[in-house]
Q: 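Dumping the structure here so I can ask a few things about it.
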2 protein chains.
Amino acid sequence: MAANSRLTIAVHALTWMALAERRGRQVLTSEQVAASVRTNPVVVRRSLGQLRQAGLVTVRHGVGAGWSLARPPDEITLLDVYAAVEREPLFALHHSEPNLACPVGRGIRPALGRFYGDVDQALRRELARTSITDVLDETVTDVRDETLETGQEPGLE
Amino acid sequence: MAANSRLTIAVHALTWMALAERRGRQVLTSEQVAASVRTNPVVVRRSLGQLRQAGLVTVRHGVGAGWSLARPPDEITLLDVYAAVEREPLFALHHSEPNLACPVGRGIRPALGRFYGDVDQALRRELARTSITDVLDETVTDVRDETLETGQEPGLE
DNA sequence: CCGGCTGTAACAGAGGCTGTTACAGCGAAC
DNA sequence: GTTCGCTGTAACAGCCTCTGTTACAGCCGG
């Protein structure tokens with residue numbers, strides 16, 4: 001278990017929802033998504049819950065409940081997903097306050113904050129360049145020949 | 001304790017070494033650096049050890065031992081420090097293999113790997129734009145009036 | 001040889017993430 | 001209104017990372 005795979009889980013879920021939508025299935029349950037990601041349905045619900053709070057997906061309760069995309073998948077970018085799922089800044093400043101008697105200790109936090117802000121902006125600009133549709137197209141490109149043309153269903157049910 | 005502050009610690013250490021160098025002190029001990037960062041000397045040695053492996057600093061043993069910059073500080077970029085200090089990729093892929101019976105499960109990992117690679121490149125491009133000298137100048141700008149002109153020493157000894 | 005500092009192992013505490021169980025709540029369908 | 005399936009969420013365990021700390025061997029200039 002290394003870094004944090006929340007962005008991957010969320011994008012995987014959205015990508016599969018986009019594929020299902022293309023095939024006319026508008027609603028998926030957390031269990032169906034979990035079958036593709038191969039994790040526990042609760043993990044998927046936690047992830048989709050964050051996406052719901054960000055307005056990227058909608059949920060229906062009651063019998064026949066499940067999740068749907070709230071927007072066309074080409075209007076959902078990786079930046080939207082990242083912002084919904086990651087709260088911590090990319091780089092943390094000092095955990096304990098540095099020595100304010102030292103010029104570096106006193107001045108480095110605002111300075112680093114500015115540079116880190118620039119890096120964060122660059123990261124977000126790049127994330128905004130890719131949509132869920134882009135991910136889906138790139139994903140199925142790799143498997144089109146083996147699977148899609150045989151009409152296989154998108155995942156276990 | 002939130003995210004990871006290793007980049008901050010390493011940049012802080014290098015920035016202070018650059019300031020000390022400007023003032024004619026070529027060698028600093030881990031304890032002197034730790035006094036500015038306000039952490040344990042072992043933490044500093046761990047961090048500087050990674051920078052040494054990356055060729056950014058040199059170390060002297062024996063009496064009068066300590067650390068020096070291996071290159072002029074304007075030739076050390078935040079990317080150099082980042083590469084020396086961070087090993088994990090920015091975003092992790094799935095911990096357990098997704099369901100290969102699903103087209104998304106099968107194709108999404110290489111697809112995401114490509115998009116994540118683009119993001120990583122953008123991040124590194126931005127990090128490469130800033131040098132330790134830039135950080136030092138930005139840092140002392142904030143405190144020049146209060147401290148530098150009074151000739152105060154850079155940190156506790 | 002001495003003394004000071006590095007290099008590194010070992011360990012503890014805190015916290016995050018994933019995975020899991022359990023259960024209350026909701027609402028469409030009947 | 002009842003039923004039933006799924007959501008929403010709490011609670012917990014296991015694992016891992018990071019920071020901080022102690023301890024100690026190794027190195028080398030004087």
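A, B, ... follow the sequence lines: proteins, then strands. Residue 1 opens every chain.
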Q: Measure CD/B:Glu88 against C1'/D:dC18 and give the value in whole Å, please.
A: 12 Å
Q: Nearest whole Å is fine: how far is D:dT7 P from A:Arg60 CZ?
A: 11 Å
Q: Do B:Arg114 and A:Asp137 meet the salt-bridge criterion of a basic N to acidic O distance under 4.0 Å?
A: no
Q: A:Leu7 CG to C:dC17 P: how many Å, rounded?
A: 13 Å
Q: Parallel, tilted or perpendicular: which one describes the rings of B:Phe91 and A:Tyr82, with boundaries at 30° and 60°?
A: perpendicular
Q: For the pair A:Leu7 and A:Leu78, evaluate side-chain contact (heavy atoms from CB on, under 4.5 Å) and give the outcome as yes or no after the intermediate values.
A: CA-CA 8 Å; A:Leu7 183 64; A:Leu78 295 190; 5.5 Å; no
Q: Ignoring hydrogens and geometry, is there a side-chain-to-backbone donor-acceptor pair from B:Asp120 to B:Gly117 under 3.5 Å?
A: no
Q: Over how many whole Å does the gap from B:Gln50 atom CD to D:dT17 atom P extend?
A: 14 Å
Q: Expressed as a whole number of angstroms, how long is the span from A:His95:NE2 to C:dA14:C1'?
A: 11 Å
Q: Nearest-Å distance, CD (A:Glu31) to P (C:dT21)?
A: 12 Å
Q: Quick one: A:Arg87 CZ to C:dG15 P, roughly how many Å, whole number?
A: 17 Å
Q: Distances for protein N/O vs nucleotides 8-12 of chain D N/O pairs under 3.5 angstrom?
A:
| from | atom 1 | to | atom 2 | distance (Å) |
| --- | --- | --- | --- | --- |
| D:dG8 | OP1 | A:Arg52 | NE | 3.3 |
| D:dG8 | N7 | A:Arg45 | NH1 | 2.7 |
| D:dG8 | O6 | A:Arg45 | NH1 | 2.8 |
| D:dA11 | N6 | A:Arg46 | NH1 | 3.4 |

Q: Just checking, is any N or O donor in the side chain of A:Ser96 or B:Arg38 under 3.5 Å from an acceptor N or O on the other one?
A: no
Q: Between A:Glu97 (CD) and D:dG20 (P), how many Å, whole number?
A: 14 Å
Q: Any side-chain N or O of B:Thr29 under 4.0 Å from OP1/OP2 of C:dG4?
A: no
Q: Verify the contact: side-chain N or O of A:Thr39 to OP1 or OP2 of C:dT18, cut-off strictly under 4.0 Å; return yes or no.
A: no
Q: Select from A:Leu28 and A:Val63 the residue whose nearest nucleotide in DNA chain D is closer to the 5' end of that strand.
A: A:Val63
Q: In terms of side-chain heavy atoms of B:Ala65, which of C:dT6, D:dT21, C:dT18 is nearest?
A: C:dT6
Q: In terms of relative ring orientation, are B:His94 and A:His12 parallel, tilted or perpendicular, with 30° and 60° separating the classes?
A: perpendicular
Q: Quick one, B:Arg71 with B:Asp80, criterion side-chain contact (heavy atoms from CB on, under 4.5 Å). Give me CA distance, side-chain angles, the key distance, then yes/no.
A: CA-CA 12 Å; B:Arg71 300 209 290 261; B:Asp80 296 322; 3.2 Å; yes
